[in-house]
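What follows is a short report on a single structure.
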Amino acid sequence: MFILKKYALPNVAHFRKISRTARLSSDELVVHRDSADNNETTPFEFTEANMTRLNAIIKNYPEGSKRSAMGAALDLVQRQMGWVPISAMHKVSEILGVPRMRVYEYSTFYTMVKRSFKGKYHVKVCTTTPCMIMGSDIILQAAEQACGCKAGHVSPDGLFGVDEVQCAGACANAPVLVVEDDYYEDVTVCDVEEIICTIRNGGIPQAGPRSGRFAAEPSCGLTSLCNEPPKPGHGVQPALLKK
Ligand code: FES
């Protein structure tokens, strides 16, 4: 009795704090589960323009290697529909003449293939080590707040979907925010608010580094390769130069 009294917890909820990391898009269940809007009968046909484009892409590959166009085909589906339902995967397997399993494998391996609706604008915040060191946690919070939804979810108006992703491949410009095809680099909380607000108002924010540097140049200015590069033919023996 004494022990119970002594160790009685006055407020269990207060005592036991539970925290968890945000849902990563790479953590999504790779097994397809039929739903009302994503099943074998979900209507999907390539538009005429996309079909012409896909046929042209397929011709880039040698006879018998049509399957190499799988990434491009799924990308076209995604640009047409906004995401990739299972019926579209079946259409791609039919066009490329590969077993459906090959398309499932591709679609579940690459997180750039959206297997569910992720909002009109898919906002991805990289939280891998270089971005994490440069403050991606507060960038993610700012993105969630500006978009009006938590990571792994879509905003109530369907305009934004936010996801926490692994390395976006622009580590030299960390922290990085990606919206659809555009990379916003060296971002601050204010940049995130401005980017999301511009998109919400129908504008297109300027992509690239927000720190003012060019591409991935050192933030303190150039430390090497500061001079004009030599012209073609530099250092070549005179006898080898074309007369
Ligand atoms: S770690 Fe963020 S882009 Fe590579």
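Order of appearance sets the numbers: ligands from 1, and atoms from 1 within every ligand.
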Which of the protein's N, O or S atoms come within less than 2.8 Å of atom 2 (Fe) of ligand 1, not counting waters?
Cys126 SG, Cys131 SG
Is Ser155 reaching over with its side chain to a backbone N or O of Phe160, donor-acceptor style, under 3.5 angstrom?
yes
Residues 202-217 side chain polar contacts: donor-acceptor under 3.5 Å, at least two apart:
residue, atom, partner, partner atom, Å
Arg210, NH1, Glu194, OE1, 2.4
Arg210, NH2, Gln206, O, 2.8
Ser211, OG, Asp186, OD2, 2.7
Arg213, NE, Asp186, OD2, 2.9
Arg213, NH1, Glu217, O, 2.8
Arg213, NH2, Ala172, O, 2.7
Arg213, NH2, Asp186, OD1, 2.8
Arg213, NH2, Asp186, OD2, 3.4

May I ask you to decide whether Lys114 forms a salt bridge with Asp163, counting only side-chain N to carboxylate O separations under 4.0 Å?
no
For Arg79, is there an ion pair with Asp181 - N to carboxylate O distance below 4.0 angstrom?
yes
Tell me every residue that passes side chain to side chain contact (heavy atoms under 4.5 Å, CB included) with Thr223, counting only those two or more places apart in sequence or in another chain.
Pro218, Cys220
Hydrophobic cluster of Val176, others only, ordered by chain and residue number, side-chain cut-off 4.5 Å
Val178, Tyr183
